[in-house]
Engineer: 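First, the structure itself, so that you have it in front of you.
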Amino acid sequence: MCLLLSRIIQANGGSPPLTYKKFLHVLSVLGEPEKPCRDVSAEDFLRCPTPADPELAYGVPSLADLGLEVQSETPWPGGETHALQRLHTHFQSQGWVSSFSKPRTVPNSLLPSTTALSPYLSLGCLSVRTFYHRLSSVYAQSKNHSLPPVSLQGQVLWREFFYTVASATPNFTKMEGNPICLQIHWYHEPESLEKWRTARTGFPWIDAIMTQLRQEGWIHHLARHAVACFLTRGDLWISWEEGMKVFEEFLLDADYSLNAGNWMWLSASAFFHKYTRIFCPVRFGRRTDPQGQYLRKYLPVLKNFPSQYIYEPWKAPKDVQLSAGCIIGKDYPCPMVCHTEASQRNLGLMRQVRTEQQKTAELTRDVTDDPMEAGLKRELQEEEELLEGAEPRSRSKRLSGSADHKSRPSSWTLETVRLSEDVT
DNA sequence: AGATCCGTTGACGGA
DNA sequence: ATCCGTCAACGGATC
């Protein structure tokens with residue numbers, strides 16, 4: 001794997017490809033990944049049953065020993081046997097595998113609408129090569145199949161994409177000192193962060209997702225989008241690093257590279273730039289689950305609300321709240337922000353950050369031409385900003401001399417890395 | 001250099 | 001239900 005990442009980077013001219021398309025191009029030059037040394041079948045694993053008492057057999061401490069609450073049921077029983085069974089179940093439906101298109105899967109179905117193999121991949125229960133080559137054999141039998149980025153194969157290539165970039169980017173899980181990350185002066189608001197973290201934002205769609213995350217350790221990718229956008233550029237304007245840490249804590253599939261990469265993506269800090277596309281915490285979930293079954297499952301306090309109000313229960317008249325047995329502001333929190341106002345304000349902040357970044361980039365370019373003149377320009381610009389009286393909190397931090405992403409700092413090195421060992 | 005292309009998954013309204 | 005065009009508030013990569 002390490003070898004592969006460095007080969008990709010080498011084939012791309014010494015730096016990691018920063019777009020998925022470019023990444024795919026490099027892969028097409030390098031050819032297919034190796035097969036696993038032996039293709040293990042589900043039957044093989046049926047011959048290797050788990051001992052009746054694993055604790056006794058392996059001396060593994062129980063959850064209770066570790067002081068953790070024992071949950072009677074988990075949707076994610078561990079081990080390769082379960083992983084291969086899950087793989088097998090999904091791959092039985094050739095049509096589903098071949099026509100898979102990620103954006104069309106549903107974030108709030110009661111059972112995962114995707115393979116949900118990520119915990120098994122990230123914990124090493126399932127070999128990604130096994131997955132890849134099983135998939136190839138299904139593709140080989142079908143007349144036509146979907147393609148990256150939306151296809152099932154595309155999903156696992158996203159994983160490799162983020163591994164590649166992460167392996168060659170300093171400070172990949174941080175904003176500061178991260179040359180591909182937009183530098184933003186996020187708000188420091190621990191109380192707001194805590195409301196988001198503990199599913200008390202007052203937006204049922206957001207709180208249900210955060211509840212599923214905390215209870216079960218897995219949420220659909222689009223659900224991750226919803227809560228990530230809400231925390232960062234959409235509503236709360238809190239750093240993606242904070243969200244990343246919470247995901248790291250609760251996600252069974254938490255992965256160094258993918259977690260950071262996707263948080264940068266969603267916060268429009270890197271990879272993704274159409275920051276005007278903001279998820280609405282009311283409408284986004286309602287689109288695919290108008291009855292709010294998902295909300296009723298994870299937020300039982302709201303389960304008796306009529307569908308009309310369940311995504312925005314604060315709009316329900318008092319008598320509706322009474323008969324639903326849930327008073328907003330008492331039994332369930334009021335929305336912590338006005339989404340329309342917050343998202344508009346944040347849109348403005350984001351535009352400001354990018355305008356400033358451009359200015360800084362121009363100045364940096366000037367420095368190479370004529371340092372004296374550029375210095376003067378910089379002074380003038382700073383004066384101008386002072387006169388404008390920009391609100392300090394909303395001003396982006398200056399990139400310390402490396403605003404132009406093309407001119408990377410000299411400390412930029414290709415660490416070819418033990419990362420992939422950490423995460424697979 | 002400047003135009004052009006295009007990107008995994010928005011929201012909305014209409015067919 | 002699902003598909004599609006529009007909106008227009010984008011930026012980077014590419015030629």
Side-chain angles (χ1 to χ4, degrees), chain A residues 12-13 15-27 99-109 112-115 118 145-162 165 179-184 205 209 219-230 232-235 258 261-262 264-291 311-312 339-362 365 369 396 403-408:
Chain A
N12 192 53
S15 65
L18 290 177
T19 65
Y20 187 77
K21 198 176 178 180
K22 196 127 182 271
F23 175 75
L24 287 182
H25 175 71
V26 176
L27 287 193
S99 62
F100 185 92
S101 179
K102 185 64 166 288
R104 297 213 174 159
T105 59
V106 175
N108 42 11
S109 55
S113 62
T114 50
T115 66
S118 55
H145 58 81
S146 51
L147 294 168
V150 300
S151 66
L152 218 42
Q153 189 196 54
Q155 303 315 297
V156 85
L157 293 180
W158 276 105
R159 177 175 177 272
E160 302 304 318
F161 170 70
F162 285 124
V165 184
I180 67 167
C181 182
L182 185 62
Q183 303 295 299
I184 295 175
W205 169 235
I209 295 168
I219 49 180
H220 184 278
H221 193 66
L222 285 175
R224 302 180 195 203
H225 280 209
V227 295
C229 183
F230 186 88
T232 58
R233 65 190 172 84
D235 294 82
L258 277 59
N262 279 304
M264 278 189 269
W265 184 294
L266 255 298
S267 61
S269 297
F271 307 112
F272 173 84
H273 310 285
K274 283 192 285 194
Y275 58 84
T276 55
R277 294 197 172 175
I278 293 175
F279 294 93
C280 172
V282 171
R283 294 186 187 87
F284 185 41
R286 195 152 60 187
R287 206 171 53 193
T288 44
D289 178 22
Q291 306 299 313
Y311 281 90
E312 36 192 353
H339 171 69
T340 314
E341 283 174 19
S343 59
Q344 283 302 306
R345 177 204 60 196
N346 294 345
L347 206 53
L349 290 179
M350 191 61 91
R351 199 173 292 126
Q352 205 174 335
V353 169
R354 283 161 192 269
T355 311
E356 279 190 39
Q357 190 209 225
Q358 264 173 7
K359 276 192 209 165
T360 315
E362 279 163 26
R365 267 199 298 279
D369 294 345
S396 76
D404 186 350
H405 292 172
K406 282 163 202 156
S407 63
R408 283 166 184 149

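Chain letters run A, B, ... following the sequence lines, proteins first and then strands; every chain starts at 1.
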Engineer: What is the distance, rounded to the nearest whole Å, between atom CE of A:M264 and atom C1' of B:dT8?
Structural biologist: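 Value for this atom pair: 18 Å.
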Engineer: Which way is the base of C:dA9 turned, syn or anti, if we draw the line at 90° from 0?
Structural biologist: syn
Engineer: In whole Å, what is the span from the CG atom of A:N12 to the P atom of C:dA13?
Structural biologist: 11 Å
Engineer: Take A:F230 and A:F284, measure what ring pair (Phe, Tyr, Trp, His ring centres under 6.0 Å) needs, and give me the verdict at the end.
Structural biologist: CA-CA 12 Å; A:F230 186 88; A:F284 185 41; over 10 Å; no
Engineer: Measure the distance from CG on A:D289 to C1' on C:dA1 and round it to the nearest whole Å.
Structural biologist: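 After rounding, the gap between these two atoms is 15 Å.
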Engineer: Rounded to the nearest Å, what distance is computed from the CD atom of residue A:E356 to the P atom of nucleotide C:dC10?
Structural biologist: 18 Å
Engineer: Taking side-chain contact (heavy atoms from CB on, under 4.5 Å) as the test, write out the residues that go with A:N12, two or more places apart.
Structural biologist: A:S15, A:P17, A:K22, A:V26
Engineer: What dot-bracket string describes DNA chain B from 5' to 3', counting Watson-Crick and G-U wobble pairs whose defining distances are under 3.5 Å, with [ ] for crossing pairs and | for pairs to another strand?
Structural biologist: .||||||..||||||
Engineer: If you measure from the C1' atom in C:dT2 to the same atom in B:dT9, how many Å do you get, rounded?
Structural biologist: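 Straight-line distance between the two C1' atoms is 16 Å.
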Engineer: Could you work out the separation of B:dT8 and C:dC7 based on their P atoms and round it to a whole Å?
Structural biologist: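 Rounded to whole Å, the distance is 24 Å.
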Engineer: Would you mind telling me which residue lines up with the more 5' stretch of DNA chain C, A:T19 or A:R351, judged by nearest nucleotide?
Structural biologist: A:R351
Engineer: Apply side chain to side chain contact (heavy atoms under 4.5 Å, CB included) to residues A:E356 and A:Q352 and explain how you reach the verdict.
Structural biologist: CA-CA 6 Å; A:E356 279 190 39; A:Q352 205 174 335; 4.3 Å; yes
Engineer: Between A:Y311 and A:W205, what is the ring plane arrangement, given parallel below 30°, perpendicular above 60°, and tilted in between?
Structural biologist: tilted
Engineer: Please give, in whole Å, the distance from C:dA8 C1' to A:H273 NE2?
Structural biologist: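 So the NE2-C1' distance, A:H273 to C:dA8, works out to 18 Å.
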Engineer: Suppose we screen for side-chain contact (heavy atoms from CB on, under 4.5 Å). Which residues come up paired with A:L24, at least two apart in sequence or across chains?
Structural biologist: A:Y20, A:P148, A:L157
Engineer: List in chain and number order the residues that pass ring pair (Phe, Tyr, Trp, His ring centres under 6.0 Å) with A:F100, two or more places apart in sequence or in another chain; answer none if no residue qualifies.
Structural biologist: A:W96
Engineer: Please list, one pair per line, the donor and acceptor atoms closer than 3.5 Å that link side chains of residues 219-229 of chain A to other protein atoms, with sequence neighbours excluded.
Structural biologist:
from	atom 1	to	atom 2	distance (Å)
A:H220	ND1	A:L222	N	2.8
A:H220	NE2	A:T105	OG1	2.8
A:H221	NE2	A:H225	NE2	3.2
A:R224	NE	A:I219	O	2.8
A:R224	NH1	A:D253	OD1	3.2
A:R224	NH1	A:D253	OD2	3.4
A:R224	NH2	A:I219	O	2.9
A:R224	NH2	A:D253	OD2	2.8

Engineer: For A:E312, which of A:R286, A:H339, A:R283 qualifies under side-chain contact (heavy atoms from CB on, under 4.5 Å)?
Structural biologist: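 The option that passes is A:R286.
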Engineer: How close or far is atom C1' of C:dG11 from atom CD of A:Q357, stated in whole angstroms?
Structural biologist: 10 Å
Engineer: When rounded to the nearest Å, what value does the distance between C1' atoms of C:dA13 and B:dA1 take?
Structural biologist: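 One C1' to the other, the span is 15 Å.
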Engineer: In whole Å, I'd like the distance from the OH atom of A:Y275 to the P atom of C:dC7.
Structural biologist: 20 Å
Engineer: Summarise how protein sits on nucleotides 9-15 of chain B as a single string, 5' to 3': B when a protein heavy atom is under 4.0 Å from the base, S for sugar-phosphate-only contact, - for no contact.
Structural biologist: BBSS---
Engineer: Should A:W158 be counted as stacked on B:dT8, where stacking needs a ring-centre gap under 5.5 Å and an angle between planes under 30 degrees?
Structural biologist: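 Yes.
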Engineer: If you assign A:K22 and A:T355 each to the DNA chain C nucleotide with the nearest heavy atom, which residue ends up on the more 5' nucleotide?
Structural biologist: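 Result of the comparison: A:T355.
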Engineer: Whole angstrom is fine here: how far is it from CZ in A:R233 over to P in C:dC10?
Structural biologist: 13 Å
Engineer: Give the C-alpha distance, both sets of side-chain angles, the deciding distance and a yes or no for side chain to side chain contact (heavy atoms under 4.5 Å, CB included) between A:R104 and A:V150.
Structural biologist: CA-CA 9 Å; A:R104 297 213 174 159; A:V150 300; over 6 Å; no
Engineer: Within the side chain of A:R233, is there an N or O that forms a donor-acceptor pair under 3.5 Å with the backbone of A:T276?
Structural biologist: no
